[in-house]
Amino acid sequence: MRNWVSLARSIVRRLALGLAALGAASGALAQTSIESVTGSIQAGTEVVRIELSQPLAAIPQGFVIQSPARIALDFPGVTNGLGRNSVAVNQGNVRAVSVVQAGDRTRVVLNLSRAANYRAEVQGRALLVMLDSAASAAVANTPAPMFAETRALADVLPLRDIDFRRGVESSGRVIVDLPSNQVGVDIRQQGPALVVELLKTSLPEGLRRRLDVSDFGTPVQTITTTQTGDRVRMLIEPKGPWEHSAYQSDNQLVVEVRQQKVNPDKLTQGSGYGGEKLSLNFQNIEVRSLLQVIADFTNFNIVTSDSVQGSLTLRLNDVPWDQALDIILQAKGLGMKRNGNVLQIAPKEELAAKEKAELESLVAVQNLEQLRTQSFQLNYTKAVDIARQLMGSGLGGAGGIGGASNMAAARILSARGSVIAEPRTNQIFVSDIPSKLTQIQEMISKLDIAVRQVLIEARIVEASDTFGRSLGVKLGGADLRGVNGGDAGYGIGGGNRVALGGSYNAVVGTTIPGQSQLMTYPTGGNVTGSTNFMNLPAQGFNGYNAPSLALSLFNSAAGRFLNLEISAMEADGKGKIVSSPRVVTADQTKATIEQGTEFAYQQATSSGATSVAFRKAVLSLEVTPQITPEGNVILDLIVNNDSPGAVVANAMSINTKKVQTQVLVENGGTVVIGGIFTLTESDSVNKVPVLGDIPVLGNLFKNKTRKSDKQEMLVFITPKIITDRSAMR
């Protein structure tokens, strides 16, 4: 009896569970779902019609996003019955409609071309969303334009100029001189190019051209300017990933294009977060469901690990979707790995362990992989140098071409790899796994290239300007009366006389006074003499004596003489020495050229003996060039211009002039790297005390000398990048 009672209770329990499940299923079947979304224009108003399986009890709540332009509506207790998450409309202001379901709620997002307000009303089983006119929305929501409008221009005005310059961080700047600050400007990206249209303008004949600016080293390659109707159209074609900005200052428009740094692991490119903005407001939503919402919104494929569990409560308003995803991952300690448009999400520890296992598996495969041998023919690089670089620091640090010896000492070959260098044929033979051989092939293709050469020409100019002036006098006098047989042709019978200088020819046996004392001469013969009581002649220059002008005053009997001799000299000299050493060397390779003399001298050794040593007095140029990617040349320079000096202690001293510097010069340009200027001036006066200080008359008792010596040296450097030896001619 008890068995029958237990069986009855079990049947009743199962019937109750079945009825409950049937009720739940019928409730699920009766749940409201979105069946279709369409767009149309009715009486000039854009209308989005959302068809549901059952009428709505009330208009759903929504909000408007200005940037990006969107309208979002939340449908509680409604599911997505479309079978897809996005509906393309492309009619009027509406581009597309996104339908995203999260739990028991569905959000409908209208993606607009420009911001607009809306009105909603329920019509049967449909919800009608009517957008305001574009004009009113633009007035209410659109910010002020960046550039001027053409409202003040009635005539078409010609452009003044179009120029291109290289900006900071290798950016390209297109500079347009506008005819007026009221010219309207329309800038938009069209495919891989940037289009700039200048409204109500014309293009002069001299500006109708295509500029090739690829040599500037910027993302901009070409700029093509044409006339289209009453506007000028400028097509800017950059290369690679790029971004642009534009600004207008009075009559000048500047469009700057710069390279965009691409990070392949970043979800959206550009600085910071650049994804489309969304709003999320969920209470205790599962992380898996939240990631599904992100996937539906971004069209990314997301693979979630089984270990991703838990719920999350968040409220994000108008946030870029890539930032929202980072916030979700950080909140739950999750990591992400991107492969194309597929995102793999798992705990960080799980991703790290999986990556470690993959690397260990790769190493194990490499250790078992069969080795292959491949030969590489080198054209410009020495085989021994490449072999050393492949083996790393194990073979020592020999230098490669152009400083290649400074490469990192890491081993490029695998643990089982080996390399043999054959200097005679300049080949290397590498035995390694195929993946390493491919890597080595790529490296050799970049290293084994012809090194560019540079011709460096130096001009050392030495200029001198000397000037000297000297003025002096000689005074002398004699009283020869009474001298027998003098030059005057008469004889005086005896007696002593005083001479204060001058010339005389007297008969011997007389006593003739000298410059400062009486002088007695022996008898017999004639005596000729000349004395000066004041002797301050002019100084000679450069080994030449100063010319003089003499004047003698005497009486009618020629018995008294007064001699006056004035000497003066002026020297003016100019000289110039030009030295021009030239040398050709490879990029980043030091070169030296010199010409001069080595002077021998004796020096004592530690043992007490003497030995012969040499010192150089040469003109030399030592330079190490480096060609920059922009085509300029960086020069490390040492310029010497030595000359022999005086002999000191049986050794030759050296007069040294030296310049050592580093300078950046454009190809073919000339720069002055240094100069030395010396000026020496001297004024000297020799005079008789007291008499030399007498005004005017004192010039007869003094001599004056003035010297001026100017020396100047300049060093000019001109580098030229050459491809053959014709540049040396």
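What's counted below: heavy atoms across the whole structure, side chains too, no hydrogens, waters or symmetry copies. These figures come from a predicted structure and were not determined experimentally.
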Should [X] and [Y] count as side-chain neighbours, where that means a heavy-atom distance under 4.5 Å?
X: Leu290; Y: Ile328; value: yes
X: Val257; Y: Thr218; value: no
X: Thr589; Y: Val451; value: no
X: Ile386; Y: Phe376; value: no
X: Ser98; Y: Asn111; value: yes
X: Lys436; Y: Leu413; value: no
X: Leu390; Y: Met443; value: yes
X: Leu198; Y: Val185; value: yes

Query raised in the report: Under a 4.0 Å N-O cut-off, is there an ion pair linking Arg95 with Glu276?
Result: no

Which heavy atom in [X] sits nearest to a heavy atom in [Y], and how many Å separate them?
X: Pro158; Y: Pro179; result: O-CB, 3.2 Å
X: Ile721; Y: Gly631; result: CD1-O, 3.6 Å
X: Thr718; Y: Gly668; result: CG2-O, 4.0 Å
X: Ala116; Y: Ile71; result: O-CD1, 3.8 Å
X: Ala193; Y: Pro238; result: CA-CD, 4.2 Å
X: Leu334; Y: Lys348; result: O-CE, 3.3 Å

Query raised in the report: Going through the distances and angles, do Thr373 and Ser431 end up as a side chain to side chain donor-acceptor pair (under 3.5 Å)?
Result: CA-CA 4 Å; Thr373 301; Ser431 296; 2.8 Å; yes

Return yes when atom [atom1] of [X] has more than 12 non-hydrogen atoms of other residues, nucleotides or ligands closer than 6.0 Å, and no otherwise.
X: Asn339; atom1: CG; answer: no
X: Gln377; atom1: CD; answer: yes
X: Arg210; atom1: CZ; answer: no
X: Glu169; atom1: CD; answer: no

Under 3.5 Å, is there a donor-acceptor pair between the side chain of [X] and the main chain of [Y]?
X: Asn341; Y: Asn301; result: no
X: Asp186; Y: Glu197; result: no
X: Glu422; Y: Thr425; result: yes
X: Asn251; Y: Asp177; result: no
X: Asp587; Y: Arg452; result: no
X: Gln374; Y: Leu437; result: no
X: Asp212; Y: Ser214; result: yes
X: Asn426; Y: Leu378; result: yes
X: Arg209; Y: Leu211; result: no
X: Gln227; Y: Leu203; result: yes

How long is the straight-line distance from [atom2] of [Y] back to [atom1] of [X], given to the nearest 0.5 Å?
X: Leu157; Y: Asp230; atom1: CG; atom2: CG; value: 11.5 Å
X: Ile673; Y: Phe716; atom1: CD1; atom2: CZ; value: 10.5 Å
X: Arg70; Y: Leu278; atom1: CZ; atom2: CG; value: 6.5 Å
X: Ile428; Y: Arg388; atom1: CD1; atom2: CZ; value: 13.0 Å
X: Gln344; Y: Lys337; atom1: CD; atom2: NZ; value: 6.5 Å
X: Ile456; Y: Arg582; atom1: CD1; atom2: CZ; value: 12.0 Å

Query raised in the report: So among His244, Gln259, Arg258, Glu256, which one has a side chain to side chain donor-acceptor pair (under 3.5 Å) with Ser171?
Result: Glu256

Query raised in the report: Are Leu343 and Ile294 close enough, and set up right, to give a side-chain contact (heavy atoms from CB on, under 4.5 Å), and what steps lead you there?
Result: CA-CA 11 Å; Leu343 302 181; Ile294 299 291; over 6 Å; no

Query raised in the report: What pairs meet the ring-ring contact (aromatic ring centres under 6.0 Å, His included) rule with one or both residues in residues 217-237, with sequence neighbours excluded?
Result: none

Query raised in the report: What do the steps show when you test Val623 against Ile717 for side-chain contact (heavy atoms from CB on, under 4.5 Å), and what is the final call?
Result: CA-CA 11 Å; Val623 58; Ile717 295 293; over 6 Å; no

Query raised in the report: Mind checking whether Phe164 and Phe216 have parallel, tilted or perpendicular rings, split at 30° and 60°?
Result: perpendicular

Requested in this report: Start with the C-alpha distance between Arg166 and Arg173, add both sets of side-chain angles, then the distance that settles side-chain contact (heavy atoms from CB on, under 4.5 Å), and finish with yes or no.
Outcome: CA-CA 6 Å; Arg166 189 174 187 269; Arg173 292 183 177 179; over 6 Å; no

Query - Test log, rule side-chain contact (heavy atoms from CB on, under 4.5 Å), inputs Val176 and Met234 - result: CA-CA 10 Å; Val176 183; Met234 182 182 299; 3.7 Å; yes

Query raised in the report: Going through the checks in order, is the side chain to side chain donor-acceptor pair (under 3.5 Å) test met by Gln389 and Asp385?
Result: CA-CA 6 Å; Gln389 294 167 13; Asp385 296 335; over 6 Å; no

Query raised in the report: Quick one: which of Leu207, Leu159, Val156 gives a side chain to side chain contact (heavy atoms under 4.5 Å, CB included) with Ser202?
Result: Val156

